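Order of the sequence lines fixes the chain letters, A, B, ..., with proteins taken first and strands second; residue numbering starts at 1 for each chain. Quick caveat, the model's predicted, so the values are computed rather than measured.
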Amino acid sequence: MNDQKVRVRFAPSPTGGLHLGGVRTVLFNYLFAKQHNGTFVLRIEDTDQTRYVEGAEQYILDCLNWCGLHADESPEVGGPFAPYRQSERKALYREYAERLVAQGHAYYAFDTPAELEQKRKEIPNFQYGQAHRNEMRNSISLSEHEVDTLLDAHAPHVIRIKMPEDEHISFNDMIRGDVSFDTNLVDDKVLLKADGMPTYHLAVVVDDFLMKITHAFRGEEWLPSAPVHLLLWKYLGWWDQMPKWAHLPLILKPDGHGKLSKRDGARLGFPVYAMNWFDAKTQELTPGFRELGFLPEAFINLLATLGWNDGTEQEIFTLDELIEKFSIERVNKAGAKFDFEKAKWFNAEWIKRSSAESLAPKVKTILEDKGITVTDDNYLSKVIDTIKDRVVLLPDFYQQSSYFFAVPAEYDLNAVKPKWTDAKTVFFNTLSDTFKAAPVWQPAELEATFKALAEEKGLKIGDVMLPFRIMLVGGKFGPHVFDIATLLGQEETVNRIALALVAFTA
RNA sequence: GGCCCGUUCGUCUAGGGGUUAGGACAGGAGAUUUUCAUUCUUCAAACAGGGGUUCGAUUCCCCUACGGGCUACCA
């Protein structure tokens, strides 16, 4: 590390949907970068051609956009260190691998996959390392002549790092503190594959160096291979420019244990991906938070507090607040089980705090998908304001507001018919007439009129209030009934009383 | 198996050598409400175990247990 401008990167491989944990890694990178006035780079790690999935890169980009976590440099927007797809940088990695071979820190290995498999079968806990590399076919065990012959014949080969003996390699993780490894126990990882592509190990080091990355945040699953990366930084002569590392804790299954996977989502009924992901090959649709009805602000908020807090009791944070308050040192070391109930709570909080104006476009889409055409934006805003407190997920807006746009499709007759009386019919007929003539159409006035009339007719308020609600709404739910009537308007309210009366007395 | 990382209420977590171990979600009870939700009040709920160190450990150290990750020419 040095005092140059902060540069971080998120480096996903385009192999499928974007997992919760991935978004959280993006988020932490992003927050750190923005807080330090730094640069957030998106780099695509597509060195495994066999796992490449069409559309996955665009999907990742869409997720980032939805979350509002925009990359300063990426394959799409470009940047001074382009290209940002490792497959397009293929040519450059070999040089570094060869340099390591020349220095004696790496070597050619000619073993075929079948030979390796055989060896693993023969020897329990086989590790391609100092214990066994002499038994394999590589430029350490073979004579120089044999190696040259193989190379001249273009024999398929990989380049492996040569792990040193009896060394201790350690580093200071920003989250975990000192972590150390014994090099005798780490194997000779492949650096360059037979197809000429680098493995993650080589690519991450070369690209982090070339792209001047100052801080590298990644999931805890990478911790065991950290010594390989550290050694590469050292052997390539870049030790003093190595980024500071932070290994983020994993997000675990809510029940049992283990890393959260998309299977858990399907099993337990909640999304794991940021947005819907459709796998063209398996025709399988994996649901996403966005489509389920999460606000990106809520999604970001819940992810941020999964493993991090600012030391106060604050739980709701805007992106700007997160940028201001985030600190990598306050990230927890232990993995966190994902709690969907709490996730929904965050969303409900965010909906409550959002303005009708900001919610309107989303609600409009939801309603239109259900066949409701919204013609009056002002009316929509008022509707949103009266119901948003009872919405948890965006689609709830439909269930909570459809009656504002159309006469109830059906009534909860069980709630009214058994207790219906002629006196109630008289009451509502009179109410209708009174409402028709009402000079003021506001909640307080309507309520006063309603109560006075009920009293006059000798009816208990409660006995007519619920039927009135069902006349307007269709069911036993919704905000205060006179707020509904006010919004609905004089004509529509009177109309609904008449319509419902027919159904109730049939 | 080996290596690495971890362990405070059911869950997310705050705290930190002497505290009534705090908050949030979920759960219970109650208030408000004509429904439902919101809101408010309230209850229950935790320092994995064993050794040290110490006047005193949940907090520091060690061990054990448990959990997780990695152990591919995948990332």
Distance, C1' atom - from B:A21 to B:A31, rounded to whole angstrom: 29 Å
Atom P, compared across B:U54 and B:C61: separation rounded to whole Å: 16 Å
Listed nucleotide nearest any side-chain atom of A:Glu341, set B:A24, B:C73, B:A26: B:A26
A:Arg120 side-chain N/O to B:C73 phosphate OP1/OP2 under 4.0 Å: yes
Whole-Å gap separating P (B:A24) and NZ (A:Lys352): 13 Å
A:Glu321 backbone acceptor or donor facing A:Thr318 side chain under 3.5 Å: yes
Sugar-phosphate only, base, or nothing, as touched by A:Arg218 at under 4.0 Å among non-hydrogen atoms: nothing
Candidates A:Trp350, A:Phe289, A:Phe346 - the one meeting ring pair (Phe, Tyr, Trp, His ring centres under 6.0 Å) with A:Phe299: A:Phe289
A:Thr199 side-chain N/O to B:A72 phosphate OP1/OP2 under 4.0 Å: no
Short side-chain N/O contact from A:Lys193 to OP1 or OP2 of B:A75, under 4.0 Å: yes
Sidechain N-carboxylate O distance under 4.0 Å for A:Asp46, A:Arg51: no
Side chain of A:Leu185 - closest among B:C3, B:C73, B:G6: B:C3
Sugar-phosphate only, base, or nothing, as touched by A:Gly258 at under 4.0 Å among non-hydrogen atoms: sugar-phosphate
Value in whole Å for how far the P atom of B:C25 lies from CZ of A:Phe340: 17 Å
Sugar-phosphate, base or nothing in reach of A:Lys344, heavy atoms under 4.0 Å: nothing
Which nucleotide in B:A75, B:C12, B:G6 has an atom nearest any side-chain atom of A:Asp48: B:A75
Sugar-phosphate, base or nothing in reach of A:Ile461, heavy atoms under 4.0 Å: nothing
A:Thr199 side chain vs A:Val190 backbone, donor-acceptor pair below 3.5 Å: yes
Sugar-phosphate, base or nothing in reach of A:Phe468, heavy atoms under 4.0 Å: nothing
Parallel, tilted or perpendicular, as decided by the 30° and 60° cut-offs, for the rings of A:Trp420 and A:Phe428: parallel
Among A:Phe450, A:Trp441, A:Phe482, the one residue meeting ring pair (Phe, Tyr, Trp, His ring centres under 6.0 Å) with A:Phe435: A:Trp441
Sugar-phosphate only, base, or nothing, as touched by A:Val179 at under 4.0 Å among non-hydrogen atoms: sugar-phosphate
Short side-chain N/O contact to B:C73 OP1/OP2 from A:Lys189, under 4.0 Å: no
Test item: side-chain donor near acceptor, A:Glu98 and A:Tyr108, under 3.5 Å: yes
Touch class at under 4.0 angstrom, heavy-atom based, for A:Ala336 against every strand present: sugar-phosphate
Below 4.0 Å: OP1/OP2 of B:G15 and any side-chain N or O of A:Arg330: yes
Integer angstrom distance from the C1' of B:C4 to that of B:G18: 36 Å
Proximal nucleotide (of B:U39, B:G1, B:A14) relative to the A:Asn125 side chain: B:G1
C1' gap between B:U13 and B:G51, integer Å: 29 Å
Selected nucleotide, minimal atom distance to A:Lys259 side chain, candidates B:G69, B:A75, B:A72: B:G69
Rounded interatomic separation in angstrom, taking CG from A:Asn301 and P from B:A24: 16 Å
Sugar-phosphate only, base, or nothing, as touched by A:Gly307 at under 4.0 Å among non-hydrogen atoms: sugar-phosphate
Whole angstrom value for the distance that separates P of B:U34 from CZ of A:Phe427: 15 Å
Residue whose closest nucleotide on RNA chain B lies nearer the 5' end, A:Ala334 versus A:Arg469: A:Ala334
Per A:Arg160 side chain, nearest of listed nucleotides B:C5, B:C73, B:G15: B:C73
Sugar-phosphate, base or nothing in reach of A:Ser180, heavy atoms under 4.0 Å: sugar-phosphate
Separation of A:Glu57 CD from A:Ile60 CD1 (nearest 0.5 Å): 7.0 Å
Nearest-angstrom distance, C1' atom, B:G67 to B:G28: 30 Å
Listed nucleotide nearest any side-chain atom of A:Asp339, set B:G6, B:U35, B:G10: B:G10
Nearest-nucleotide pick for A:Val481, side chain only, options being B:C12, B:A75, B:U34: B:U34
Touch class at under 4.0 angstrom, heavy-atom based, for A:Thr15 against every strand present: nothing
Separation of atom CZ in A:Phe126 from atom P in B:A72, rounded to whole Å: 10 Å
Touch class at under 4.0 angstrom, heavy-atom based, for A:Thr50 against every strand present: nothing
Base partner of B:A37, which must satisfy Watson-Crick or wobble distances under 3.5 Å: none
Integer angstrom distance from the C1' of B:C9 to that of B:C43: 14 Å
Under 3.5 Å donor-acceptor pair, A:Lys342 side-chain atoms to B:A26 base atoms: no
Sugar-phosphate only, base, or nothing, as touched by A:Asn332 at under 4.0 Å among non-hydrogen atoms: sugar-phosphate
Geometric class of the A:Phe294/A:Phe340 ring pair [parallel <30°, tilted 30-60°, perpendicular >60°]: tilted
Separation between the P atoms of B:C25 and B:U39, rounded to whole Å: 8 Å
Atom-pair distance (CZ on A:Phe338; P on B:G10), nearest Å: 20 Å
A:Phe181 CZ - B:U71 C1' separation (whole Å): 13 Å
Separation of atom CD in A:Gln86 from atom P in B:A75, rounded to whole Å: 9 Å
Nearest-Å distance once atom C1' is located in both B:G22 and B:C47: 13 Å
Shortest side-chain distance from A:Glu313, nucleotide among B:G23, B:U71, B:U35: B:G23
Sugar-phosphate only, base, or nothing, as touched by A:His247 at under 4.0 Å among non-hydrogen atoms: nothing
Stacked cation flag A:Arg133 on A:Tyr128, 6.0 angstrom / 45 deg: no
Sugar-phosphate only, base, or nothing, as touched by A:Pro479 at under 4.0 Å among non-hydrogen atoms: base
Options B:C5, B:G1, B:G69, nucleotide nearest the side-chain atoms of A:Pro224: B:G69
